[in-house]
*Asks:* 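Take a look at the following structure, please.
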Number of protein chains: 2
Amino acid sequence: MTKVTEVSSEERLRSSGLRPTRQRVALADLIFAKGDRHLTVEELHEEAVVAGVPVSLATVYNTLHQFTEAGMIRVLAVESAKTYFDTNVSDHHHFFIEGQNEVLDIPVSNIEIGNLPEPPEGMEIAHVDVVIRLRRKRERS
Amino acid sequence: MTKVTEVSSEERLRSSGLRPTRQRVALADLIFAKGDRHLTVEELHEEAVVAGVPVSLATVYNTLHQFTEAGMIRVLAVESAKTYFDTNVSDHHHFFIEGQNEVLDIPVSNIEIGNLPEPPEGMEIAHVDVVIRLRRKRERS
DNA sequence: CTGTGTGCAAACTCTTTGCATAAGT
DNA sequence: ACTTATGCAAAGAGTTTGCACACAG
């Protein structure tokens, strides 16, 4: 058995109220096949094209946002021109490499956060993001 | 002489190797007058215009980036179309309100972060950002 | 005076939108 | 068939850039 995952993509879509169209299934497959990952619209689009699913950029945008609303993926809080989507919806954290706009998962996510503040009235915490910004260590000159 | 602050803006600029030009001083004044704050280029531009300093948008962009390089302010890690600059350069944290793209300081920043991971080879931690994403609490329907 | 900084407008990048065509149920 | 999704290209938003003019030292 190589791909047991394909089934769940369709399921996943259906149970989110999304029609399992060719494009959506293909994108979901790509997204969830390789475990947790973060990707931009462009990256996913490129992958899809390479995988022989010539989906349009606009559709990738749409699809990723639909997936986000459905809670299948989420948007990462990084300061970058591009939006990063993360397949891991749980509270976990990231390195962000300055200058390269690159996102790395933090290997063993055993960061502990204590003393979380109370959210303001009427608000609740949707997600806690810890972004550790990295810079290239300056070689002493 | 009404404004004693102007002196420090000029100083601040000079010691960062930036010429204290009219625009830079004005922007620095605006930025640092009201304590810690986070603002977008547009917001600052608007404030400047209102304050009678008709600086151009491009200059605000330039200036904020220069300030950032000089370490006077920093860029916030939030997922938003706009870039947020923060006058507080120390490690402290933020609420980010979904949908409204609004940034709030976390009042008493006594969040504790434990078990910070080692940065990858050759990299060092520039900054740790904790972004607590808030959503409007669903009124039970 | 000389070198930097500024303003303007055009260019760029990422993202969204409108509408005709195609696909799902 | 009827509804929803997709693709394309154009429009939008935020940001950057190039070059002539203006200002700081």
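Lettering of chains follows the sequences in order, A, B, ..., and the numbering in each one begins at 1.
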*Asks:* Looking across every strand, which nucleic acid part, if any, lies under 4.0 Å from His65(B) by heavy atom: base, sugar-phosphate, or nothing?
*Replies:* sugar-phosphate
*Asks:* Nearest to the side chain of Arg19(A) - dG25(D), dC8(C), dT25(C)?
*Replies:* dT25(C)
*Asks:* Without hydrogens or angle criteria, can the side chains of His93(A) and Asp129(A) be said to hold a donor-acceptor pair below 3.5 Å?
*Replies:* no
*Asks:* Atom NE2 in His38(B), atom NE2 in His94(B): separation rounded to 0.5 Å?
*Replies:* 4.0 Å
*Asks:* Would you mind telling me which residue lines up with the more 5' stretch of DNA chain D, Glu42(B) or Arg22(B), judged by nearest nucleotide?
*Replies:* Glu42(B)
*Asks:* Just the rounded figure in Å: distance from P of dT16(D) to NE2 of His45(B).
*Replies:* 15 Å
*Asks:* Think Gln23(B) has a side-chain N or O under 4.0 angstrom from the OP1 or OP2 of dA22(D)?
*Replies:* no
*Asks:* Without decimals, in angstroms, what is the distance between Leu18(B) CG and dG25(D) C1'?
*Replies:* 15 Å
*Asks:* Over all strands shown, is Ala81(B) touching base, sugar-phosphate only, or nothing at heavy-atom distances under 4.0 angstrom?
*Replies:* sugar-phosphate
*Asks:* Between C1' on dT15(D) and CD on Glu43(B), what's the gap in Å once rounded to a whole number?
*Replies:* 16 Å
*Asks:* Looking only at side-chain N and O atoms, does Thr59(B) come under 4.0 Å of OP1 or OP2 in dT6(C)?
*Replies:* no
*Asks:* Does Arg24(B) make a side-chain N or O approach to OP1 or OP2 of dG5(C) shorter than 4.0 Å?
*Replies:* yes
*Asks:* For the pair made of CG in Asn101(A) and C1' in dT16(D), what is the distance, rounded to whole Å?
*Replies:* 15 Å
*Asks:* Hey, which sits more toward the 5' end of DNA chain D by its nearest nucleotide, Thr63(A) or Asn62(B)?
*Replies:* Thr63(A)
*Asks:* To the nearest 0.5 Å, what is the distance between CG on Leu39(A) and OG1 on Thr87(A)?
*Replies:* 7.0 Å
*Asks:* For the residue pair His92(A) / Asp36(A), report whether a side-chain donor-acceptor contact shorter than 3.5 Å exists.
*Replies:* no
*Asks:* Whole angstroms only, please: what is the CG-P distance between Leu13(B) and dC23(D)?
*Replies:* 18 Å
*Asks:* Verify the contact: side-chain N or O of Tyr61(A) to OP1 or OP2 of dT16(C), cut-off strictly under 4.0 Å; return yes or no.
*Replies:* no
*Asks:* Round to the nearest Å and state the distance from Arg14(A) atom CZ to dA5(D) atom P.
*Replies:* 13 Å
*Asks:* For the ring pair His65(A) and Phe85(A), is the centre-to-centre distance below 6.0 Å?
*Replies:* yes
*Asks:* For Thr40(A), answer base if it contacts any base atom (sugar-phosphate contacts may also be present), sugar-phosphate if it contacts only those atoms, and nothing otherwise; contact means non-hydrogen atoms under 4.0 Å.
*Replies:* nothing
*Asks:* For the pair made of CG in Leu57(B) and C1' in dA11(C), what is the distance, rounded to whole Å?
*Replies:* 15 Å
*Asks:* Could you tell me how far apart Lys82(B) (NZ) and dG12(D) (C1') are, to the nearest whole angstrom?
*Replies:* 13 Å
*Asks:* Looking only at side-chain N and O atoms, does Thr21(B) come under 4.0 Å of OP1 or OP2 in dT6(C)?
*Replies:* yes
*Asks:* Please determine if a side-chain N or O atom of Thr83(B) lies less than 4.0 Å away from the OP1 or OP2 oxygen of dT15(D).
*Replies:* yes
